[in-house]
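The structure under discussion appears below in the form of structure tokens.
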Amino acid sequence: MNNFGGTKLPGFIGSLKQLTYLNLSGASFGGMIPPSLGNLSRLQYLDLSNCFAESQNDLLWLPGLSSLKYLNLGAIDLSKSADHWLRAINFLSSLRELHLPNCFLSKLPLSLPFINVTLLEVLDLSNNNIHSTSPGWLFNLTRLVHLDLNSNSLGGELPDEFANLASLQELDMSQNSYLKGRLPKSLGSLCDLSVLKLSVNRITGEITDFINGLARCNDSQLEDLDLGNNGLSGNLPDSLGNLKKLRYLQFLRNSFQGSIPRTIGNLSSLKEFYVAKNSMSGIPESFGQLSTLVAVDLSDNLWEGVVTERHLANLSSLTEFNLNKLSPNISLAFNIAPGWIPPFKLRYLYIRSCQLGPEFPTWLRNQNDLKTVVLNNARISGTIPEWFLQLNLQLVELDVAYNQLTGKPPTSLTFVDDKSNVDLSSNSYEGPLPLWSSNVTTLYLRDNHFSGPIPPNIGELMPHLTDLDISRNALNGTIPLSIGKMTNLTTLVISNNHLSGEIPRFWSNLPFLYILDMSNNSLSGPIPREVGFLSSLRFLILSNNNLSGKLPSSLRNCSSLHSLDLGENKFSGNIPAWIAESIPSLLILRLRSNSFTGKIPPQICRLSNLHIVDLSHNSLSGSIPPCIGNLTGLKVELTDADTERYEGRLTVVAKARIVQYNQSILYLVNSLDLSDNRLSGEIPEALTALVRLWTLNLSMNHFTGRIPIDIGSLEWLETLDLSSNNLSGPLPPSITALTKLNHLKLSYNNLWGKIPTTNQFQTLNDPSIYEGNVGLCGIPLPELCPGDEKQPQSPDDGGGNTKSEDGGDDLERLWLFLSIGLGFSVGFWGVCGTLILKKSWRDAYHGYVDRMKNKLIVATLIACRTD
């Protein structure tokens, strides 16, 4: 291939009138295609692909090539010709092959006055971002053998007119954004079709009619069928087994269900079978008859039942076997006879969340070509047998995580690739931390029982590590300085151990570090300023240590942080404003249980992505910034795509208990916790704009005033804790709109009025929720509200509930109280009033009282003497 470095193609080439063949592909000419090429009327073959890539060209010169049979203008910018390219092509009546891939032709005319290129056999318009439906003139090209429209933006349904293209052998319409509807039955009539690619579209429905149509062909030529990444459903039909020339079968990412058809064993030419990410449940024994099968991917389905040696009996060509289930639930078991010797030699074995144990699978005894061995969550216990270690494997990956393996870790295994992976996580290995050869780049040993110090020379023995996770063990001692020699490190997770001492200062040597998790240890001292060199850091997790001092200002250089978790330490000083000013992408800010003082910096409101905020258990003062309503992350819903922005686990206090969320759900958690500080003032009304909040905890502060009147706007709220403040006033009526609320604490405030009894408040009937508010009344408190009547307990109510026996209406009760009051007034003033106003009556009354008193004294004395 020549490279003319952008030199212009000389115009005299158009004078070579006898030229019949011109191939300048990849020659890197510059400038425009010279119009003089249109003078080459005898030219039959023209290939200018990848030749004029840096300029826009038109096709006004093209109609002069009246003898042209082959034309390839691939990767030439023809956007200038977007409106007339097809008219120019239509003049070439002798054309057999047309290749215009990646030519920026966004328009595909739906109609033509006449079709002049009826001899066309090959048409390639791929990678043009064409926005159109399938044009009608296309189906008049009845000699078409090869049609490639992949990687465009074609829409609409696949038309039945495809049946007109009876000579079609290869059809590729994969990766079109808007192609939808069902597979037309007419496609099944194309008996000469050998390649059909419709992947990455929006095609729905079942494939039974289409497959049945192909199966009715006397001699179906179909070899390559790719329907992956659509919305297809139903069962795979039995007629699939009649397509006996199939070599490549791709059903990835659909919604197929049921069993693989038993007729699958008839596909004697099948080399690759991909049915991952569906809802299929059964694997027939006839699957074991696919003697030419080289690679199979059965991952992420709902497989159930038992796989025996009969399912694998004649797979003599098999080198790749993938049965990876992301769900940890095990519904499929391998029951292979201990002495069975497979007919295949695997290079790639990936089995996850299927039962292979309890013993290490003995049918791997002769598999000495293995490069990748993944037996994850397979219920294997005991030790990895010595015969496996002596297979002299040249491995790229070993993953036996989530089993019950014990004994000595397999450090004698050889890894040959520069990017090898070892994962022994979640087993029962003990002893000192094992190390492997220097070409292992990812090492996961978390959640075992390894003890002792991290080997001080780990960074010298494994300098090329990119991922190191040794968390959840019993490691002690200090962090070795040699880790600073792992200059390619992106993930360092050493949490949940017994490490002590200060954080080392080697961080300037780790420019690619993405995750740093040293939480749940006994580390002490300050955060070294060298951590600020980690400009690629996304997750800094140092919680639950004994770290102290102020946050170093150099952390502002970690401007790409998504999660900053420094909780449960002894940090002091003010929360620095630069957290908001320099780390705009922060999603999680967790500073709980430290000794921070001062005010909450109002700059925090600029963190538009922040959706988990925990500043609880500090000594913060002042008020909540009025701009709190600007935290957009607590107002909008994140999507599944946002899961890529999370790593590790995070502890959040919700519903009065500690909840640990993993990365797959963290994006859904929206929490604001400012509890146990010295905050004061009123709760800002702007807080009610944070409509996606799950948890709001403002307890144990000094807030005054009323609960915000629009608190009901927080319709997603599940936990609300405003206890132990100085809040006053009645509960706002909108609070009953919190229909998802299942944990509420309003105790120890100065609230008054009646407790609501509608909606969610019917279930919030624990008196401790409201205790310590002398003005609150009504159910579930014993204090009745004015106008309420104490209701006697029904003798039939065993639950201690009171029931009204008469419906006494409010009007009758009112008349009763008026009558009692009136009678008391008349009696009192009728007697006492007269004594006050009339002296003679008063004297007579006092005389009567004196006489009665004397009589009582005399009677008492006589009684005493008689005794």
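Excluded from the calculations below are hydrogen atoms, water molecules and symmetry mates; all remaining heavy atoms, backbone and side chain alike, are included.
- Contact of the Leu315 side chain with the Val296 side chain is not registered, since no non-hydrogen atoms from C-beta on lie closer than 4.5 Å.
- The minimum heavy-atom distance linking Cys217 with Gly188 is given by the pair SG-O, 4.0 Å.
- The closest donor-acceptor contact from the side chain of Asn150 to the backbone of Asp148 lies at 3.5 Å or more, if one exists at all.
- Residue Leu40 holds its CG atom at 10.0 Å from CG of Leu68, rounded to the nearest 0.5 Å.
- In this structure, CG on Leu73 lies 6.0 Å from CD1 on Ile33, to the nearest 0.5 angstrom.
- When only modelled atom types and interatomic distance are considered, Ser199 and Asn229 share no side-chain donor-acceptor pair under 3.5 Å.
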For residues 100-122, please give each side-chain donor-acceptor pair under 3.5 Å, one per line with the distance, not counting sequence neighbours.
from: Lys107; atom 1: NZ; to: Asp83; atom 2: OD1; distance (Å): 2.7
from: Asn116; atom 1: ND2; to: Asn90; atom 2: O; distance (Å): 3.0

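- Heavy-atom contacts from other residues, nucleotides or ligands closer than 6.0 Å to OH of Tyr45 number more than 12.
- Panel note: side chain Asn242, backbone Ala215; no donor-acceptor pair is recorded below 3.5 Å.
- Atom CG of Asn23 has more than 12 heavy atoms from other residues, nucleotides or ligands within 6.0 Å.
- When the side-chain hydrogen bond (donor to acceptor under 3.5 Å, both in side chains) test is applied to Ser132, no partner is found at least two apart in sequence or on another chain.
- At least one donor-acceptor pair closer than 3.5 Å links the side chain of Asn254 to the backbone N or O of Leu252.
- Considering only heavy atoms from C-beta on, Asp172 stays 4.5 Å or farther from Leu149 through its side chain.
- Rounded to the nearest 0.5 angstrom, Asn557 CG and Leu537 CG are separated by 11.5 Å.
- For Ser317 (side chain) and Leu293 (main-chain N/O), no donor-acceptor pair under 3.5 Å exists by modelled atom type.
- A 4.5 Å side-chain heavy-atom check between Leu22 and Ile13 finds at least one atom pair inside the cut-off.
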>> If you apply the rule side chain to side chain contact (heavy atoms under 4.5 Å, CB included), what do you find for Tyr21 with Leu43, and how did you get there?
In response: CA-CA 6 Å; Tyr21 183 96; Leu43 197 65; 5.5 Å; no

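- Partners of Glu170 under the side-chain hydrogen bond (donor to acceptor under 3.5 Å, both in side chains) rule, at least two apart in sequence or in another chain, are His146.
- The aromatic rings of His562 and Phe539 stand perpendicular to each other, their planes meeting at an angle above 60°, with 30° marking the opposite boundary.
- Annotation for Lys180: atom NZ does not count as buried by contact number, only 12 or fewer foreign heavy atoms lying within 6.0 Å.
- The minimum heavy-atom distance between Ser186 and Ala163, with the atom names listed, is CB-CB, 3.7 Å.
- Taking the side chain as every heavy atom from C-beta outward, Ser49 and Ser25 approach each other to under 4.5 Å.
- For the residue pair Ser153 / Asn129, a side-chain donor-acceptor distance below 3.5 Å is found, with atom types taken as modelled.
- Summarising the geometry of Ser220 relative to Leu243, their closest heavy-atom pair is OG-CD2, 3.8 Å, with the distance given to 0.1 Å.
- For Trp137, the CH2 atom counts as densely surrounded, since its 6.0 Å shell holds more than 12 non-hydrogen atoms of other residues, nucleotides or ligands.
- A salt bridge is absent between Arg182 and Asp209; no separation between the charged side-chain nitrogens and carboxylate oxygens falls under 4.0 Å.
- In this structure, a donor-acceptor pair under 3.5 Å is absent between the side chains of Asn322 and Glu320.
- In plain terms, the two heavy atoms of Asp192 and Ala166 that are nearest each other are OD2-O, 3.6 Å.
- Of the possible polar contacts, one joining the Asn72 side chain to the Gly74 backbone as a donor-acceptor pair under 3.5 Å is found.
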> Can Asn127 and Asn152 be said to form a side chain to side chain contact (heavy atoms under 4.5 Å, CB included), step by step?
Replying inline: CA-CA 6 Å; Asn127 287 282; Asn152 284 291; over 6 Å; no

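- Judged by distance alone, with hydrogens and angles left aside, the side-chain atoms of Asn201 form no donor-acceptor pair with the main-chain N or O of Asn230 at under 3.5 Å.
- Using a 4.5 Å heavy-atom cutoff, the side chains of Thr490 and Leu513 are not in contact.
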>> Go through it in stages, so that I can follow the logic: the residues are Leu225 and Ile211, the test is side chain to side chain contact (heavy atoms under 4.5 Å, CB included), and I'd like the CA-CA distance, side-chain angles, deciding distance and then a yes or no.
In response: CA-CA 11 Å; Leu225 177 59; Ile211 297 294; 4.0 Å; yes

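- Inspection of the Ser239 and Asn212 side chains reveals an N or O donor paired with an N or O acceptor under 3.5 Å.
- Rounded to the nearest 0.5 angstrom, Cys191 SG and Asn218 CG are separated by 7.5 Å.
- Taking the six-membered ring for Trp, Phe321 and Tyr350 have ring centres at least 6.0 Å apart.
- Asn235 places no side-chain N or O within 3.5 Å of a backbone atom of Pro237 that could act as its donor or acceptor partner.
- Side-chain atoms of Asn421 and Thr442 include a donor-acceptor pair closer than 3.5 Å.
- Checked against the 6.0 Å centroid criterion, the rings of Phe251 and Tyr274 do not qualify as a close aromatic pair.
- The CG atom of Leu158 sits 6.5 Å away from atom OG of Ser134, with the distance rounded to the nearest 0.5 Å.
- Residues Leu232 and Phe256 are in side-chain contact: their nearest non-hydrogen atoms beyond the backbone lie under 4.5 Å apart.
- The two residues Asn164 and Thr142 make their nearest non-hydrogen contact at O-CG2, 3.9 Å.
- Within 6.0 Å of NZ in Lys325 there are more than 12 heavy atoms belonging to other residues, nucleotides or ligands.
- Of all non-hydrogen atoms in Thr133 and Leu154, the two that sit nearest each other are O-CD2, 4.4 Å.
- Of the possible donor and acceptor atoms, one in the side chain of Thr292 sits under 3.5 Å from a partner among the backbone N and O of Ser268.
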> Stepwise, does the side chain to side chain contact (heavy atoms under 4.5 Å, CB included) test hold for Leu125 with Trp85?
Replying inline: CA-CA 12 Å; Leu125 299 176; Trp85 70 271; 3.9 Å; yes

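- No side-chain donor-acceptor contact under 3.5 Å links Gln18 to the backbone of Leu16.
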> Are Asn324 and Ser299 close enough, and set up right, to give a side chain to side chain donor-acceptor pair (under 3.5 Å), and what steps lead you there?
Replying inline: CA-CA 4 Å; Asn324 171 25; Ser299 302; 4.8 Å; no

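- With a 4.5 Å cut-off on side-chain heavy atoms, Leu144 and Leu123 count as touching.
- For the side-chain contact (heavy atoms from CB on, under 4.5 Å) test with Lys245, the passing option among Asp219, Leu222, Leu267 is Asp219; the others fail.
- Residue Phe512 qualifies as open at atom CZ: its count of foreign heavy atoms under 6.0 Å is 12 or below.
- Here the side chain of Asn670 pairs no donor or acceptor atom with the backbone of Leu634 at under 3.5 angstrom.
- Taking CZ of Phe29 as the reference point, atom NZ of Lys8 lies at 13.0 Å (rounded to 0.5 Å).
- Between Leu95 and Ile89 there is a side-chain heavy-atom pair separated by less than 4.5 Å.
- Taking 4.0 Å as the cut-off between side-chain N and carboxylate O, Asp300 and Lys277 count as a salt-bridged pair.
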